[in-house]
Amino acid sequence: HVQLVESGGGSVQAGGSLRLSCTAPRYVVGNYCMAWFRQAQGKERAGVATIDIDGLTNYVDSVKGRFTISQDNRKNILYLQMNSLKPEDTDVYYCAATYVASAGHCYPRFAADFRYWGQGTQVTVS
């Protein structure tokens, strides 16, 4: 079982910044496809960004240029730096991970592609 623990959510004014963190087991960060998803109440969980095992990142169009996904392999932490936040970014944000045998199969498209999930952290932008 892979335990993922998010932190860093909170409330911020539009235009502000937040950094989310996701602590994962040592063998996960850098070796699994990792992602951030978000979900509003009553809506499906939607992909935000992924980082592949070769370090390649992918973003959905709505966050490109504003959000940055990164990982610290030494600390076993996945990050999501969120800048220029907008009210429509208000959601519960989830860290996710799934094993991939090779790079090139890590995209923020479908929640069903990811096996392991954190408990979520609320981000509110007003």
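Below, all heavy atoms of this structure are taken into account, side chains as well, without hydrogens, waters or symmetry copies. Just so you know, residue 1 is the first one in the sequence shown, and it goes up from there. Since the structure is predicted, the reported quantities are computational estimates derived from the model, not experimental observations.
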Notebook entry, point to check: CE of Met34 to CD1 of Ile53: how many Å apart, nearest 0.5 Å?
Noted result: 13.0 Å
Check: Quick check, are the ring centers of Phe114 and Tyr94 under 6.0 angstrom apart?
Finding: no
Margin query: I need the minimum non-hydrogen distance between His105 and Val100, along with the two atoms involved.
Written below: O-CG1, 3.9 Å
Next item on the list: Might you work through the side chain to side chain contact (heavy atoms under 4.5 Å, CB included) test for Tyr99 and Arg115, ending with a clear yes or no?
Entry: CA-CA 8 Å; Tyr99 177 76; Arg115 181 171 180 182; over 6 Å; no
Checklist line | Heavy-atom closest pair, residues Ala24 and Val29 | finding: CB-CG2, 3.8 Å
Checklist line | Side-chain heavy atoms of Val2 within contact of Pro25, under 4.5 Å | finding: yes
Next item on the list: Working to the nearest 0.5 Å, report the span between CZ of Phe67 and CG of Leu85.
Entry: 5.0 Å
Next item on the list: Measure the OH-CD1 distance between Tyr79 and Ile51 for me, rounded to the nearest 0.5 Å.
Entry: 12.0 Å
Next item on the list: Might you point out which heavy atoms bring Ala35 and Ile69 nearest each other, and give the distance in Å?
Entry: CA-CD1, 4.4 Å
Next item on the list: Would you give the length of the straight line joining atom OH of Tyr59 to atom CG of Leu80, rounded to the nearest 0.5 angstrom?
Entry: 7.5 Å
Note to self: For a quick test of reading the model, state the closest non-hydrogen atom pair linking Ala111 to Trp117 and the distance between them.
What the structure shows: O-CZ2, 3.3 Å
Margin query: Looking at Asp61 and Lys64, is there a salt bridge between them, counting it only when a charged N and a carboxylate O are closer than 4.0 Å?
Written below: yes
Notebook entry, point to check: How long is the gap from CG on Asn73 to CG on Leu78, to the nearest 0.5 Å?
Noted result: 10.5 Å
Margin query: Just to verify, what does Asp91 make a side-chain contact (heavy atoms from CB on, under 4.5 Å) with, not counting sequence neighbours?
Written below: Arg38, Ala40, Tyr93
Check: Is there a side-chain contact between Arg109 and Val60, using heavy atoms and a 4.5 Å cut-off?
Finding: no
Next item on the list: Kindly state each residue pair satisfying disulfide (SG to SG under 2.5 Å) with at least one member in residues 23-80, sequence neighbours excluded.
Entry: Cys33-Cys106
Next item on the list: Could you pull out the closest heavy-atom pair between Cys22 and Leu4, with the gap in Å?
Entry: SG-CB, 3.9 Å
Checklist line | Gln3 CD: over 12 foreign heavy atoms closer than 6.0 Å | finding: no
Item checked: Rounded distance (nearest 0.5 Å) linking atom OH of Tyr107 with atom CG of Asn58 -> 6.0 Å
Next item on the list: Please check if Ile77 and Val28 belong to a single hydrophobic cluster, counting links between Ile, Leu, Val, Met, Phe, Trp and Tyr side chain heavy atoms closer than 4.5 Å.
Entry: no
Check: Around atom CD of Gln13, are there more than 12 heavy atoms of other residues, nucleotides or ligands at under 6.0 Å?
Finding: no
Next item on the list: Carefully, step by step, assess Trp36 and Glu6 under the rule side chain to side chain contact (heavy atoms under 4.5 Å, CB included).
Entry: CA-CA 10 Å; Trp36 289 97; Glu6 301 99 335; 3.8 Å; yes
Checklist line | Closest non-hydrogen atom pair, Ala14 against Pro87 | finding: CB-CD, 4.1 Å
Checklist line | Contact check, side chains of Val123 and Met82, non-hydrogen atoms, under 4.5 Å | finding: yes
